[in-house]
Amino acid sequence: MDAAQKALEMQRMVVLQQQAAASYISDLERWEQEIQLQDKQLQQTAKLAKADFPVRGTNAGTPGSIAEKAAVAPPTAAAKAAAAPPAGPAKAESKEKRINSYDYRSWDKLNVDALLEKTEDAAPGQVAPTAIPKLLADMQADEAKESSLQQHMAMQEKDKGNAQYKQGKYEAAATCYTRGLEYDPTNSVLAANRGMAFLALKRYAEAEADCTVAITSDPKYVKAYSRRAAARAGQSNHVGAITDLQRVLELEPANTEAQQELAKQKQLRAKQEEEQRKAFNPLKDLQEKMSSMRRVPIVEVGEPRPEPGAAATPAPAAAPAPTAVPVKKKPIVITELDSDSASVGKPVAPATPVLASTGTPSKPGPSPASSSSGAHAVGAASSAAPTSVPKKADLAPAKSPVPVAPLPTVKLTPVAPESVQTAAHFERAWRQFSSDKEQQYTFFKGIPIALYPTLLKTNLETLFIEIVTLLRDAAIPRGDAIAPTLRGLAAVPRFDITIMFLEDKEKAIVREVLEWARAHNGIEDSQWAVLRKQYAL
């Protein structure tokens with residue numbers, strides 16, 4: 001996965017997280033309204049229970065007004081006697097004896113649980129079991145009413161967004177659809193419409209994410225598949241577009257527009273594959289280099305060089321070789337004559353070794369007579385057979401190789417860590433010591449940790465894994481404390497983005513360094529938890 005696809009995936013995750021957060025807030029508000037409704041119902045129930053038991057000294061609960069009560073005739077003695085409770089033990093039993101506050105033994109014997117059960121059984125204003133279904137039905141009705149209200153508000157925002165879209169105000173339409181999704185996050189129509197607005201704005205990644213949400217809510221929503229296919233095509237993802245269009249044709253086989261678009265996407269996919277095949281042709285560069293080459297004629301030393309641009313003259317056909325006649329070869333003696341005219345014609349001793357036709361050196365003649373006969377033999381041999389004379393290059397003494405002075409060794413001047421003040425200066429010094437890990441570690445170790453956010457803010461993504469590898473190869477063998485360095489790196493801007501795009505092999509190196517630091521640098525559990533969260537372990 002390249003950087004562009006990772007960025008698009010991250011954008012899609014951000015959109016999904018925003019939608020999830022909006023759904024969570026909506027659920028929280030709904031829960032709050034439900035709690036408020038239940039609180040109101042409980043308050044009403046408490047009022048009813050309080051009305052059954054009037055306060056002492058009030059006239060609540062008695063029929064009629066004060067005037068009516070005054071007009072009522074006082075009861076007679078017989079009525080009072082009939083209404084009076086019976087005297088004797090029954091009255092004593094009906095009235096419970098109160099325990100004095102200082103009677104501790106009675107308080108110890110008191111059965112509190114039995115009193116509580118008795119009180120609960122005789123508690124006035126208790127809600128009857130038959131009233132519970134009614135309360136639940138009321139709560140469900142309130143929830144349905146609230147849900148219908150939320151849906152109504154979402155539909156209003158959808159209508160506003162449609163009007164804005166028809167006027168070409170795609171950004172405003174997307175805003176309206178977003179507000180509608182806040183009221184009803186599960187509305188697939190609103191998500192697909194916002195994806196359509198993002199398509200018009202050429203924000204293909206966000207459009208694909210919204211259409212995916214709509215398809216998740218309604219797997220048979222044809223428009224969502226069509227719009228996601230367009231969003232994927234805008235990102236050159238022709239394979240995904242073909243998959244969505246095939247799903248559209250499964251749901252609507254007579255959709256001619258989807259058929260035409262599917263054929264177009266297949267052509268674009270074939271063209272894309274052909275371009276990729278050409279781009280990865282290993283012989284392409286070689287063919288281009290060979291096309292720029294030119295023929296260079298080969299000329300032996302001593303022959304005239306042809307002029308540039310002149311056509312090469314074809315070599316003449318070789319004449320047939322004459323029939324060789326076997327001739328007995330005789331030694332050829334070459335003598336050097338003195339330049340003095342008086343000595344012309346007189347043989348002299350050769351100063352150099354004499355070469356024979358066989359190629360082996362011969363000894364000089366012992367007397368002038370033999371030299372004279374050898375000179376005579378020269379003429380005879382030259383008339384009988386061709387002479388084999390060594391070339392000048394063969395007789396020239398071998399030249400000794402010219403000594404080449406060794407290149408001077410360039411010693412890097414160490415850069416003082418305290419002199420590094422900018423990110424560019426730090427990266428230049430870091431690259432300077434790339435060939436010597438010891439000097440590179442010494443340089444990095446001298447950088448104050450407080451300067452990490454300044455020196456690494458622009459190049460952390462390129463240097464992070466090199467720094468961690470240097471800690472593993474140079475700091476760990478020495479046993480240095482690297483926990484402060486790891487905390488300082490985590491404080492650099494965009495550190496979390498750098499960790500997000502690490503490969504598995506690079507994450508393994510980071511994990512190895514962190515575990516070593518925990519084992520040898522005495523990192524506490526709380527600090528280790530923070531480091532694990534920062535480094536996404």
Side-chain angles (χ1 to χ4, degrees), residues 5-39 139-232 234-235 237 240 244 494 496-497 500 533 536:
Q5 292 179 349
K6 287 184 178 179
L8 295 177
E9 183 67 17
M10 185 172 64
Q11 290 180 357
R12 187 179 69 82
M13 292 176 62
V14 169
V15 172
L16 293 177
Q17 289 177 357
Q18 290 178 352
Q19 294 175 354
S23 176
Y24 176 78
I25 293 174
S26 178
D27 293 341
L28 188 61
E29 293 177 351
R30 187 180 298 109
W31 175 82
E32 183 181 3
Q33 293 176 358
E34 292 176 358
I35 293 299
Q36 292 176 355
L37 179 62
Q38 292 179 3
D39 184 50
M139 291 174 60
Q140 293 176 357
D142 292 337
E143 289 179 359
K145 186 183 298 184
E146 180 185 0
S147 177
S148 62
L149 178 62
Q150 298 284 344
Q151 293 177 359
H152 177 70
M153 297 297 294
M155 289 299 102
Q156 285 186 348
E157 294 295 337
K158 181 180 77 69
D159 295 339
K160 292 179 183 178
N162 293 343
Q164 297 286 350
Y165 187 87
K166 291 178 181 179
Q167 297 176 7
K169 300 177 181 179
Y170 306 120
E171 194 71 40
T175 303
C176 293
Y177 296 139
T178 302
R179 287 198 297 265
L181 286 171
E182 292 177 357
Y183 288 116
D184 189 3
T186 60
N187 194 318
S188 58
V189 177
L190 285 170
N193 286 4
R194 190 172 69 172
M196 178 180 62
F198 286 149
L199 271 178
L201 295 171
K202 297 183 179 181
R203 293 159 61 175
Y204 300 115
E206 300 176 51
E208 181 182 359
D210 280 345
C211 293
T212 302
V213 172
I215 292 170
T216 304
S217 301
D218 186 3
K220 295 184 179 181
Y221 193 5
V222 177
K223 290 184 179 180
Y225 284 107
S226 301
R227 292 167 187 174
R228 190 171 73 171
R232 289 179 171 178
Q235 302 175 74
N237 183 9
D244 288 339
R494 296 178 59 84
D496 52 347
I497 302 298
M500 182 185 300
K533 183 177 181 181

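All heavy atoms count here, side chains included; hydrogens, waters and symmetry mates do not. Along the sequence shown, residues are numbered consecutively beginning with 1.
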_Residue pair Ala191 / Val213: nearest heavy atoms and the distance that separates them_ = CB-CG1, 4.4 Å
_Closest non-hydrogen atom pair, Ala205 against Leu8_ = CB-CD2, 3.5 Å
*Donor-acceptor contact present, side-chain Tyr225 to main-chain Pro219, <3.5 Å*: yes
*Please assess Glu9 against Arg12 for the test salt bridge (Lys or Arg N to Asp or Glu O under 4.0 Å), listing each intermediate value before the final yes or no.*
CA-CA 5 Å; Glu9 183 67 17; Arg12 187 179 69 82; 2.7 Å; yes
*Work out which heavy atom in Cys211 is nearest to a heavy atom in Gly195; give both atom names and the distance.*
SG-CA, 4.5 Å
*Once you round to the nearest 0.5 Å, how far does CG of Asp218 lie from OG1 of Thr186?*
11.0 Å
*Check whether any side-chain N or O of Thr216 sits under 3.5 Å from a backbone N or O of Thr212 as a donor-acceptor pair, and report yes or no.*
yes
_According to salt bridge (Lys or Arg N to Asp or Glu O under 4.0 Å), who are the partners of Arg203, at least two apart in sequence or on a separate chain?_
Glu171, Glu206
*N/O donor-acceptor pair under 3.5 Å between Arg227 side chain and Ala192 backbone*: yes
_Non-hydrogen side-chain atoms of Arg179 and Thr175 separated by less than 4.5 Å_ = yes
*Taking the side chain as C-beta and beyond, is there a heavy-atom pair between Met155 and Asp184 under 4.5 Å?*
no
*Taking Ser26 for its side chain and Ala22 for its backbone only, find out whether a donor-acceptor pair lies under 3.5 Å.*
no
*side chain to side chain donor-acceptor pair (under 3.5 Å) partner of Gln156, chosen from His152, Lys158, Lys160*: His152
*Less than 6.0 Å separating the ring centroids of Phe198 and Tyr204?*
no
*Locate the shortest heavy-atom distance separating Ala197 from Tyr170; write the atom from each residue and the value.*
CB-O, 3.9 Å
*Quick one: CD on Gln19 to OG1 on Thr178, what's the gap to the nearest 0.5 Å?*
8.5 Å
_Passing candidate, salt bridge (Lys or Arg N to Asp or Glu O under 4.0 Å) with Glu208, options Arg194, Arg228, Arg232_ = Arg232
*Given side chains that start at C-beta, do those of Tyr221 and Val189 come closer than 4.5 Å, heavy atoms only?*
yes
*Has Met13 got more than 12 heavy atoms of other residues, nucleotides or ligands less than 6.0 Å from its CE?*
no
*asked:* With rounding to the nearest 0.5 angstrom, report the OG to CG distance, Ser188 to Asn193.
replied: 9.5 Å
*Name all residues meeting the side chain to side chain contact (heavy atoms under 4.5 Å, CB included) criterion together with Tyr183; count only those two or more places apart in sequence or in a different chain, and write none if there are none.*
Gln150, Met153, Ala154, Glu157
*Measuring from Asp210:CG to Ile215:CD1, what's the distance to the nearest 0.5 Å?*
11.0 Å
